[in-house]
Number of protein chains: 2
Amino acid sequence: MTTPSRLRADAARNRANILRAARTLIAAHGERAGMDDIAREAGVAVGTLYRHFPTKADLVDAIVSELAGLIFDALDAAVARVDSGDSAIKELTHLIGRMSEAAGHDRTVKAAMANLGVPVHPDLTERAMTGLARLVAAGHAEGTLHPDITPGDLVIVMSTMPDDELPEAARHRWLELAMRSLAAPDATPPAGDEPSRGPGPA
Amino acid sequence: MTTPSRLRADAARNRANILRAARTLIAAHGERAGMDDIAREAGVAVGTLYRHFPTKADLVDAIVSELAGLIFDALDAAVARVDSGDSAIKELTHLIGRMSEAAGHDRTVKAAMANLGVPVHPDLTERAMTGLARLVAAGHAEGTLHPDITPGDLVIVMSTMPDDELPEAARHRWLELAMRSLAAPDATPPAGDEPSRGPGPA
DNA sequence: ACCTGAACACCGTTCAAGT
DNA sequence: ACCTGAACACCGTTCAAGT
């Protein structure tokens with residue numbers, strides 16, 4: 001779990017090989033991937049696998065966290081671009097679209113997505129929520145995001161993203177529909193603000 | 001799989017007990033439910049379980065199909081009400097809302113949902129698509145459904161419905177967002193229940 | 001310290017024996 | 001015909017023995 005500060009050379013090599021093998025096999029077969037298969041693919045004995053990751057869940061978690069890190073990087077990059085003046089709704093569409101595309105090829109992405117909502121690592125979750133809040137604020141400021149949308153809503157959208165069980169065309173259409181539910185109502189300019197029943201930001 | 005036209009009295013009783021036990025345990029624990037546990041709960045030996053359902057997947061499939069049947073019934077009822085003059089968007093909201101609520105308590109519902117898109121039983125799928133097409137047509141006619149929405153879009157929405165991994169408040173908020181993506185641009189989506197702030201998972 | 005691989009435990013599945 | 005439950009196979013996990 002906690003990577004020791006210093007690792008024997010062969011141990012470090014083994015760990016890297018295990019992670020690489022796990023990335024490949026778990027992305028392809030999900031949790032169905034067998035520990036023996038992963039060990040063989042990594043060129044180590046099962047015992048070695050278990051020395052580095054005490055349980056299969058720990059190994060999966062490591063892969064998922066790794067991927068969550070990449071997602072956070074993408075999020076940070078989007079925030080940076082928005083700070084530089086790019087359109088928030090455009091960056092958000094791009095971000096969610098990239099994640100959805102990834103989720104179509106890698107079974108781990110959905111799990112990484114869920115980690116945003118159910119904090120396994122609270123610090124990472126806070127990092128994500130901070131980034132999402134920046135995007136939401138920018139979207140509200142430029143008037144392209146629906147006024148009642150919150151960072152939590154983005155988490156909901158991301159965690160209900162389709163995986164590879166839906167064909168690509170459907171995943172693409174999902175993105176359109178999802179963004180439609182996030183976007184500001186553009187048909188009528190937001191002058192009087194709708195009195196419907198939207199829980200306004202008070 | 002194919003239920004024999006006549007079944008010995010004890011066999012029929014066993015089958016019913018197995019289905020009831022499976023409903024309970026699979027709804028609660030998903031596919032993690034053990035075959036031995038289901039057999040014990042049903043009061044039969046494992047061999048008997050396997051005589052009725054050659055494989056665990058078959059048993060799960062039976063439960064899922066059963067539930068899909070209930071969903072289709074609900075769909076047909078909605079179509080009937082719309083034919084009687086009820087609002088299509090309102091019935092659609094109610095229908096998806098009920099399914100979402102069910103999915104929050106029963107891990108099988110999502111699987112049943114997926115059956116709509118990936119036809120396990122083509123005839124059932126066709127029945128569902130016919131019903132959905134009626135609702136879509138009615139929604140277009142009354143102008144409450146977004147003009148470009150198709151029955152396939154409803155399948156996408158239903159198969160990306162959140163399960164019990166999202167808390168109830170988030171599931172409720174999901175419904176609002178989903179209906180927003182389906183509604184006509186100028187229409188105010190009817191909310192059967194009071195809208196809740198959807199802050200997502202804490 | 002770390003690695004190895006045989007052995008154990010658990011659960012899906014089978015089958016010889018019963019009625 | 002249908003039921004029973006011990007036995008088998010598979011896979012996650014452990015551990016005594018090696019270096």
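Remember, it's a predicted structure, so these values are computed and weren't measured experimentally. So you know, we letter chains A, B, ... as the sequences are listed, proteins then strands, and number each from 1.
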Next item on the list: Measure the distance from CG on B:Asp37 to P on C:dC10 and round it to the nearest whole Å.
Entry: 13 Å

Note to self: Rounded to whole Å, please give me the gap between CZ in A:Arg8 and C1' in C:dC3.
What the structure shows: 8 Å

Checklist line | Whole-Å distance separating the CD1 atom of B:Ile18 from the P atom of D:dC2 | finding: 12 Å

Check: Once you round to the nearest 0.5 Å, how far does CD1 of A:Ile18 lie from CZ of A:Arg51?
Finding: 11.0 Å

Next item on the list: Rounded to the nearest angstrom, tell me the gap between atom CZ in A:Arg32 and atom P in D:dG12.
Entry: 12 Å

Notebook entry, point to check: Going by an N to O cut-off under 4.0 Å, is there a salt bridge joining A:Asp83 and A:Arg134?
Noted result: yes

Checklist line | A:Arg40/A:Asp37 salt bridge by N-O under 4.0 Å criterion | finding: yes

Next item on the list: May I ask you to say what A:Val44 touches in the nucleic acid, namely base, sugar-phosphate or nothing, with a heavy-atom cut-off under 4.0 Å?
Entry: sugar-phosphate

Note to self: Any strand counts, and the cut-off is 3.5 Å on both contacts for Watson-Crick or G-U wobble. Which nucleotide pairs with D:dA1?
What the structure shows: C:dT19

Next item on the list: From the options D:dC2, C:dT4, C:dT13, select the nucleotide whose nearest atom is closest to the side chain of A:Thr48.
Entry: C:dT4

Notebook entry, point to check: Choosing from C:dC11, C:dC2, D:dC2, which nucleotide comes nearest the side chain of B:Asp36?
Noted result: C:dC11

Next item on the list: Using a 4.0 Å heavy-atom cut-off across all strands, classify B:Ala12 as base, sugar-phosphate, or nothing.
Entry: nothing

Checklist line | Distance in angstrom units between B:Leu25 CG and C:dG12 P, rounded | finding: 12 Å

Checklist line | Interatomic distance where CZ belongs to A:Arg13 and C1' belongs to C:dC2 [whole Å] | finding: 12 Å

Next item on the list: Grab the CD1-P distance between B:Ile38 and C:dC11 for me, whole Å please.
Entry: 12 Å

Margin query: Can you confirm whether A:Trp174 sits close enough to B:Thr160 that some side-chain heavy atom of one is under 4.5 Å from a side-chain heavy atom of the other?
Written below: yes

Notebook entry, point to check: From C:dC3, C:dT4, C:dG12, pick the nucleotide closest to the side chain of A:Ala45?
Noted result: C:dT4

Next item on the list: Report which part of the nucleic acid B:Gly34 touches: base, sugar-phosphate, or nothing (heavy-atom distance under 4.0 Å, all strands).
Entry: sugar-phosphate

Note to self: Between B:Thr55 and C:dT13, is there a contact of a side-chain N or O with OP1 or OP2 at under 4.0 Å?
What the structure shows: yes

Notebook entry, point to check: In terms of side-chain heavy atoms of B:Lys56, which of C:dC3, C:dT13, D:dC3 is nearest?
Noted result: C:dT13

Item checked: Among D:dC2, C:dC3, C:dG12, the nucleotide that comes nearest once only the side chain of B:Asp10 is considered -> D:dC2

Note to self: Partner lookup for D:dA6, please. Criteria are Watson-Crick or G-U wobble with both distances under 3.5 angstrom; report none if nothing qualifies.
What the structure shows: C:dT14

Next item on the list: Rounded to the nearest angstrom, tell me the gap between atom CD1 in A:Ile26 and atom C1' in D:dG12.
Entry: 13 Å

Notebook entry, point to check: Between A:His52 and C:dC2, is there a side-chain N or O to OP1/OP2 distance below 4.0 Å?
Noted result: no

Next item on the list: Could you work out which one of D:dT4, D:dC2, D:dA6 sits closest to the side chain of B:Val46?
Entry: D:dA6

Item checked: Options C:dT13, C:dC3, D:dT4, nucleotide nearest the side-chain atoms of B:Tyr50 -> C:dT13

Item checked: side-chain N/O A:Arg51 vs C:dC2 OP1/OP2, d < 4.0 Å -> yes

Check: Is any side-chain N of the basic residue among B:Asp148 and A:Arg173 closer than 4.0 Å to the acidic one's carboxylate O?
Finding: yes

Margin query: For D:dC2 and B:Asn14 - does any side-chain N or O of the residue sit under 4.0 Å from the phosphate oxygens OP1/OP2?
Written below: no

Notebook entry, point to check: Thinking salt bridges, do B:Arg127 and B:Asp76 make one under a 4.0 Å N-O criterion?
Noted result: yes

